Amino acid sequence: MQSLSARRATVDDLVPLKAIWESMRLPPDILESRLTEFQVVERDGEVVGALGFQILRTAALLHSEGYSDFSVADAARQLFWDRIQTLASSHGVFRLWTLEDSPYWVRWGFQPADADALARLPEEWKSAEEKWFTLELKNEAVINAALSTQFAGFSASEKKSAEETQANAKFIINIITVICFVIFFLCLGLAGWLLMRRHH
């Protein structure tokens, strides 16, 4: 029975990763500089599969999938999928993108991106004549609307608080002004009384 496990790639994985990339006709030199994006699946300590997972704001890209032994591909994809969901959730990813066209990813909900979806594709990933697949994890429009409503409520609360603070400050200033006038007239009356007493 095969013992497979998934984890993040490290520099120690470069040799098997380069072999996988070369076998898949992927550019090893370019992908090496993006090592931190890769997740790997190993069998009994040997790296047998790799998948790039790049996060950009609220989007994530699955790329450069490859295997040294395709007999483990489906089992490896299940492990990759579990890790992708965890990473996407912890990083606040709303939508996944990929150019990988394996039926496996379609089975997990990836669909060809229509014009409306492509409008949400980050500019950094746009390229001519590519067939994109996408999967919405969270409804971005609903979340943004909820955040806008929450922000509007917060702004209204802050405005009300500021108005109350201003009103309280004005009230205190009025009290101080009245007290100052009272003290002034008391002092004026006392001065007059002392002046009249002095004359007598």
Side-chain angles (χ1 to χ4, degrees), residues 1-114 116-140 143:
M1 182 177 180
Q2 300 183 53
S3 176
L4 300 177
S5 61
R7 58 174 174 79
R8 186 175 181 175
T10 70
V11 291
D12 295 332
D13 302 319
L14 274 176
V15 172
L17 281 174
K18 284 184 176 181
I20 290 173
W21 294 334
E22 288 172 355
S23 71
M24 300 296 296
R25 297 184 180 180
L26 298 170
D29 293 338
I30 294 176
L31 295 180
E32 180 179 354
S33 66
R34 301 173 65 180
L35 177 66
T36 56
E37 296 176 14
F38 278 86
Q39 307 295 315
V40 298
V41 163
E42 56 183 5
R43 176 179 56 195
D44 299 326
E46 176 191 1
V47 173
V48 291
L51 177 69
F53 185 70
Q54 181 188 14
I55 297 174
L56 189 62
R57 298 181 289 279
T58 59
L61 173 66
L62 281 62
H63 67 90
S64 309
E65 181 184 12
Y67 303 93
S68 60
D69 179 358
F70 273 89
S71 69
V72 304
D74 282 351
R77 285 172 179 142
Q78 176 64 62
L79 293 174
F80 282 141
W81 180 238
D82 292 341
R83 284 189 63 79
I84 286 166
Q85 291 180 91
T86 300
L87 290 169
S89 177
S90 63
H91 287 82
V93 172
F94 290 172
R95 183 181 287 271
L96 300 176
W97 296 89
T98 190
L99 292 170
E100 306 291 342
D101 57 0
S102 166
Y104 184 91
W105 300 115
V106 174
R107 192 157 68 239
W108 281 110
F110 280 84
Q111 297 295 327
D114 57 19
D116 184 56
L118 287 172
R120 297 180 172 85
L121 179 66
E123 289 292 332
E124 294 88 337
W125 297 340
K126 288 184 178 178
S127 54
E129 304 300 325
E130 295 284 8
K131 186 177 180 180
W132 285 97
F133 292 83
T134 188
L135 172 62
E136 184 180 63
L137 300 177
K138 301 174 184 177
N139 192 310
E140 189 171 0
I143 292 175

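Given the structure is predicted, the values throughout are model-derived calculations rather than measurements.
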Study note, to complete from the structure: What one should report as the nearest heavy-atom pair of Thr134 and Ala117 is CG2-CB, 4.1 Å
Practice item. First locate atom NZ of Lys126, then atom CG of Leu121, and finally report the distance between them rounded to the nearest 0.5 Å. Key: 6.0 Å
Practice item. Working to the nearest 0.5 Å, report the span between OH of Tyr104 and CH2 of Trp81. Key: 8.5 Å
Point to revise | Ser89 side chain vs Gln85 backbone, donor-acceptor pair below 3.5 Å | key: no
Point to revise | Euclidean distance, Leu96 CG relative to Glu136 CD, rounded to 0.5 Å | key: 10.5 Å
Review point. Counting only N and O atoms by type, is there a donor-acceptor contact under 3.5 Å from the side chain of Arg120 to the main-chain atoms of Asp116?
Key: yes
Review point. Can a donor-acceptor pair be found between the side chains of Asp74 and Gln78 at a distance below 3.5 Å?
Key: no
Revision key, fill the gap. Interatomic distance, CG@Leu56 vs NE2@His91, rounded to 0.5 Å, equals 12.5 Å
Review point. Can you check side-chain hydrogen bond (donor to acceptor under 3.5 Å, both in side chains) on Trp125 and Gln54, steps first, answer last?
Key: CA-CA 11 Å; Trp125 297 340; Gln54 181 188 14; 3.2 Å; yes
**Study point:** Closest contact, heavy atoms only, Ala88 versus Leu137
**Key:** CB-CD1, 3.6 Å
Practice item. Decide yes or no on side chain to side chain contact (heavy atoms under 4.5 Å, CB included) for Lys138 and Thr58, but give the supporting numbers first. Key: CA-CA 10 Å; Lys138 301 174 184 177; Thr58 59; over 6 Å; no
**Study point:** Evaluation steps, side chain to side chain contact (heavy atoms under 4.5 Å, CB included), between Val40 and Leu51
**Key:** CA-CA 6 Å; Val40 298; Leu51 177 69; over 6 Å; no
Practice item. Output all residues satisfying side chain to side chain donor-acceptor pair (under 3.5 Å) with Asp101, sequence neighbours left out; order by chain, then residue number. Key: none
Practice item. Assess whether salt bridge (Lys or Arg N to Asp or Glu O under 4.0 Å) is satisfied between Lys131 and Glu100, documenting all intermediate values. Key: CA-CA 9 Å; Lys131 186 177 180 180; Glu100 306 291 342; over 6 Å; no
Check your understanding: Side-chain contact, heavy-atom cut-off 4.5 Å: Leu26 with Ile20?
Key -> no
Point to revise | Stepwise side chain to side chain contact (heavy atoms under 4.5 Å, CB included) test for His63 and Arg34 | key: CA-CA 11 Å; His63 67 90; Arg34 301 173 65 180; 3.4 Å; yes
Review point. Between Met24 and Phe70, which heavy-atom pair has the shortest distance, and what is it?
Key: SD-CZ, 3.7 Å
Point to revise | Stepwise side chain to side chain contact (heavy atoms under 4.5 Å, CB included) check, Arg57 with Glu124 | key: CA-CA 11 Å; Arg57 298 181 289 279; Glu124 294 88 337; 3.2 Å; yes
Check your understanding: Do Val48 and Val41 have side-chain heavy atoms sitting under 4.5 Å apart?
Key -> yes
Practice item. Taking the side chain as every heavy atom from C-beta outward, state whether Ile84 and Phe53 have any pair of such atoms under 4.5 Å apart. Key: yes
Review point. Among pairs that include at least one residue of residues 5-16, which meet salt bridge (charged side-chain N to carboxylate O under 4.0 Å, His left out), considering only residues two or more places apart or in two chains?
Key: Arg7-Asp13, Arg7-Glu42
Point to revise | Distance in Å, Glu37 CD paired with Ile55 CD1, rounded so as to fall on 0.5 Å steps | key: 9.5 Å
Point to revise | Donor-acceptor pair between Arg43 and Ser3 side chains, under 3.5 angstrom | key: no
Review point. Can you check whether Trp97 reaches Leu118 side chain to side chain, under 4.5 Å on heavy atoms?
Key: yes
Review point. Ring centroid separation for Trp21 and Phe38, is it under 6.0 angstrom?
Key: yes
Practice item. Give, for atom CD of Glu46 and atom CG of Leu4, the distance between the pair rounded to the nearest 0.5 Å. Key: 10.5 Å
Check your understanding: Is the shortest heavy-atom distance from the side chain of Leu14 to the side chain of Glu32 under 4.5 Å?
Key -> yes
Check your understanding: Would you call Glu65 and Arg77 a salt bridge, taking side-chain N to carboxylate O under 4.0 Å as the test?
Key -> yes
Practice item. For the residue pair Phe110 and Leu62, establish whether any side-chain heavy-atom pair is separated by less than 4.5 Å. Key: yes
